[in-house]
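Note sheet for the following structure.
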Amino acid sequence: MSLSIRNQIPGTVTSVTAGEAMATVKVRLDGGQELTAAITVDAVQELGLAQGSAVRALVKSTEVALASARVEGLSIRNQLPGTVREVAAGGAMAAVRVTVDGGELTAAITRDAVADLGLSAGSPVVALIKSTEVSLATV
């Protein structure tokens with residue numbers, strides 16, 4: 001299956017904590033960083049997710065925010081440090097490619113945000129992703 005979702009990072013499930021309807025699934029990315037996905041319990045069961053399961057974490061580029069450093073006092077669980085590889089700016093929006101340990105992410109952000117953060121190739125950044133915006137696919 002081909003998907004339009006650009007961000008597809010391989011990893012391994014390290015834990016599954018199920019609630020009544022939702023579960024949090026922690027994934028160790030191939031680069032060693034941890035990512036949390038909040039998905040339905042039904043999805044956990046249908047995918048057969050358990051500790052050791054090989055998965056791909058999928059995140060739309062519009063759901064990736066960037067910061068110039070880690071942010072404290074924030075409910076967003078996923079903060080992945082990386083380095084800007086490329087900035088492709090259009091009239092209003094920009095696609096920022098970020099290299100993180102074990103993969104690459106693309107963030108679709110405004111051109112104004114690129115300017116405000118002073119982003120260019122080589123800039124250190126932290127990719128911020130809400131756990132509810134991370135989907136998982138089995139490999």
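Numbers for residues simply follow the sequence, beginning at 1.
Residues V96 and V114 are in side-chain contact: their nearest non-hydrogen atoms beyond the backbone lie under 4.5 Å apart. Between R56 and V139 there is a side-chain heavy-atom pair separated by less than 4.5 Å. At a threshold of 4.5 Å between non-hydrogen side-chain atoms, the residues D30 and D101 do not count as touching. Between I109 and L119 the shortest side-chain heavy-atom distance falls below 4.5 Å.
Every side chain to side chain contact (heavy atoms under 4.5 Å, CB included) that R111 has, sequence neighbours left out, goes to A89.
Note that CZ of R6 is 10.0 Å distant from OG1 of T62, once rounded to the nearest 0.5 Å. Distance CD/Q45 to OG1/T40: 8.5 Å, rounded to 0.5 Å. Distance CZ/R28 to OG/S15: 10.0 Å, rounded to 0.5 Å.
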Pairs of donor and acceptor atoms involving the side chains of residues 65-79, under 3.5 Å and at least two apart or interchain, shall be tabulated with distances.
residue: R70; atom: NH1; partner: Q79; partner atom: O; Å: 3.2
residue: R77; atom: NE; partner: S75; partner atom: O; Å: 3.2
residue: R77; atom: NH2; partner: L74; partner atom: O; Å: 3.3
residue: N78; atom: OD1; partner: T36; partner atom: N; Å: 2.6
residue: N78; atom: ND2; partner: T36; partner atom: O; Å: 2.9
residue: N78; atom: ND2; partner: I129; partner atom: O; Å: 3.0
residue: Q79; atom: OE1; partner: V71; partner atom: N; Å: 2.9
residue: Q79; atom: NE2; partner: V71; partner atom: O; Å: 2.9

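Ion pairing between K130 and E63 fails under the 4.0 Å rule for side-chain N and carboxylate O. Remark: R85 engages E104 in a salt bridge, criterion side-chain N to carboxylate O under 4.0 Å.
A donor-acceptor pair is defined here as one N or O able to donate and one able to accept, closer than 3.5 Å; no such pair exists between the side chain of S123 and the backbone of V84. Side chain of N7 to backbone of T106: a donor-acceptor contact under 3.5 angstrom is found.
With L80 as the fixed residue, the side-chain contact (heavy atoms from CB on, under 4.5 Å) test singles out one of V125, L105, L128, V126: L105. Among the candidates V134, T24, L49, the single residue satisfying the side-chain contact (heavy atoms from CB on, under 4.5 Å) test with I39 is L49.
The nearest pair of heavy atoms linking V41 to A18 is CG2-CB, 4.3 Å. The two residues Q33 and P81 have their closest heavy-atom pair at OE1-CD, 3.1 Å. Nearest heavy atom pair, residue V87 against residue A94, reads CG1-CB, 4.4 Å.
Clustering ILVMFWY residues whenever any of their side-chain heavy atoms sit less than 4.5 angstrom apart, transitively, puts V27 in the very cluster that holds V16. Connection of V55 to L47 is established within a shared hydrophobic cluster, with ILVMFWY side chains joined at heavy-atom distances below 4.5 Å, either directly or through further cluster members.
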> Checking side-chain contact (heavy atoms from CB on, under 4.5 Å) for the pair V25/L136: CA distance, chi angles, key distance, verdict?
Replying inline: CA-CA 9 Å; V25 180; L136 298 176; 3.7 Å; yes
